[in-house]
Amino acid sequence: MTFKHNFKKVLSATAFAAALVVAPAANVSAATNDASSTQQSATATSQDQQASQDQAASQSSAANQSSSTSTSSATSTSTVKKVAKKTKKTSKKKAVKKVAKKTSKKAKKTSKKSTKKTTKAATAAVTASADQSQATDQQDDAAKKAAEAAAKKAAAKKAAAKKAAAKKKAAAKKKAAAKKRAAAKKKAAAKKKAAKKSAEKAAKYWIAMRESGGYYTARNGSCYGRYQLLISYLGGDLSKKNQERTADRYVYGRYGSWVNAKRFWLAHNWY
């Protein structure tokens, strides 16, 4: 009865080990997630199996079991050891694989992060370069516009100065022409005046010579002097100066000029 119980125990351990080998991937993954726990479990199972083996051997010796049963028990124990060793190896391999996978994933994540960071930095650099280029273009455009505006302003200023100079020159020329005309007019007037004066002087002299021969003391009845004026016109002053002044007043008052008086004299033999 004890042998059967122990044998069942060994079979249970064997079944457990086999179950670990043929278990679904989800259960194996769960077992391999904790390699240390699995190893301890396998070790405990091995110890239990060893204790069972010892107890079975002892009981086998006491009960004089057959050598075939002992051989079967030894085979089961060997199988359990193989399964435990395989399980341990599989667990270790999976643990290493998991660590490698985790490391690879971490490295991949780090690489991806680094690549992303590098890409971001490159993008930022390109953007900054584009912004700088745009700013430079804007500055160039602004400088070009400013230069064009300055050139336009300078041209307008130059044109205005040229126009003002031309206007000033035209005004000066016009003023000079007006001054010249005025001078010519003045000269002509002076010339005319001089000619008139000369004509007046000549006409006055001509009348004096016809009236008195040019003598201030000549007398003909009630007429006296160089111009043979009525003595009453002289007002008692028979001086040369008064004769000249009185003759001028008489002629300009009666004829307007000595020339007109001469013209009248030529027509009537008196004035």
Side-chain angles (χ1 to χ4, degrees), residues 132-271:
Q132 188 176 1
S133 178
Q134 188 177 2
T136 303
D137 292 341
Q138 288 177 352
Q139 288 177 355
D140 291 341
D141 290 341
K144 191 176 180 181
K145 284 182 180 179
E148 287 177 355
K152 194 175 181 180
K153 190 176 181 181
K157 192 175 180 180
K158 190 176 180 180
K162 192 175 180 180
K163 190 177 180 180
K167 192 176 180 180
K168 190 176 181 180
K169 190 176 180 180
K173 193 175 180 181
K174 190 176 180 180
K175 190 177 181 181
K179 193 175 181 180
K180 192 175 181 180
R181 283 196 302 270
K185 192 175 180 181
K186 190 177 181 180
K187 189 177 180 180
K191 192 175 180 181
K192 190 177 179 180
K193 189 177 180 181
K196 187 178 178 181
K197 190 176 181 180
S198 179
E200 287 289 294
K201 190 176 181 180
K204 188 177 181 180
Y205 179 78
W206 188 87
I207 289 175
M209 295 305 290
R210 292 293 179 279
E211 289 292 326
S212 63
Y215 293 102
Y216 285 98
T217 58
R219 187 165 185 166
N220 184 13
S222 59
C223 295
Y224 183 82
R226 182 179 176 87
Y227 301 102
Q228 290 296 297
L229 298 173
L230 292 172
I231 295 176
S232 60
Y233 288 171
L234 296 172
D237 187 1
L238 303 178
S239 64
K240 293 179 180 180
K241 189 176 181 179
N242 189 45
Q243 286 184 40
E244 293 289 339
R245 183 169 55 243
T246 302
D248 286 336
R249 185 168 59 246
Y250 168 75
V251 169
Y252 285 118
R254 185 180 179 93
Y255 302 106
S257 67
W258 283 101
V259 174
N260 291 337
K262 180 184 176 181
R263 194 176 292 119
F264 186 85
W265 199 100
L266 287 171
H268 301 89
N269 290 320
W270 65 275
Y271 75 106

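Starting from 1, each residue takes its place in the sequence as its number.
Side-chain contact check for Lys204 versus Glu244: some heavy-atom pair is nearer than 4.5 Å. In this structure the side chain of Leu230 reaches within 4.5 angstrom of the side chain of Cys223, judged on heavy atoms. Between Gln243 and Leu229 there is no side-chain heavy-atom pair separated by less than 4.5 Å. By the 4.5 Å heavy-atom criterion applied to side chains, Glu200 and Tyr252 are counted as neighbours. In this structure the side chain of Lys196 never reaches within 4.5 angstrom of the side chain of Val259, judged on heavy atoms.
What you find for Ser212 and Gly225 is that their closest heavy atoms are CB-O, 3.4 Å.
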Query raised in the report: How far apart are the C-alpha atoms of Lys158 and Lys162, what are their side-chain angles, what is the distance that settles it, and do they pass the side-chain contact (heavy atoms from CB on, under 4.5 Å) test?
Result: CA-CA 6 Å; Lys158 190 176 180 180; Lys162 192 175 180 180; 5.6 Å; no
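Note: Tyr250 and Tyr271 meet the aromatic proximity criterion, with ring centroids under 6.0 Å apart.
For the atom pair NZ of Lys179 and NZ of Lys186, the computed distance is 10.5 Å after rounding to the nearest 0.5 Å. Residue Leu238 holds its CG atom at 7.0 Å from CD1 of Ile231, rounded to the nearest 0.5 Å. The line from CG of Asp141 to CD of Gln138 is 7.5 Å long, rounded to the nearest 0.5 Å. The CG atom of Leu234 lies 10.5 Å from the CZ atom of Arg245; values are rounded to the nearest 0.5 Å.
Using a 30° and 60° split on the angle between ring planes, Phe264 and Tyr255 fall in the tilted class, from 30° to 60°.
For the residue pair Asn260 / Ser257, a side-chain donor-acceptor distance below 3.5 Å is found, with atom types taken as modelled.
Using modelled atom types, one side-chain atom of Asn242 and one backbone atom of Asp237 make a donor-acceptor pair closer than 3.5 Å.
Within the structure, every pair that satisfies the ring-ring contact (aromatic ring centres under 6.0 Å, His included) test and touches residues 182-217, not counting sequence neighbours, is listed here: Trp206-Trp265.
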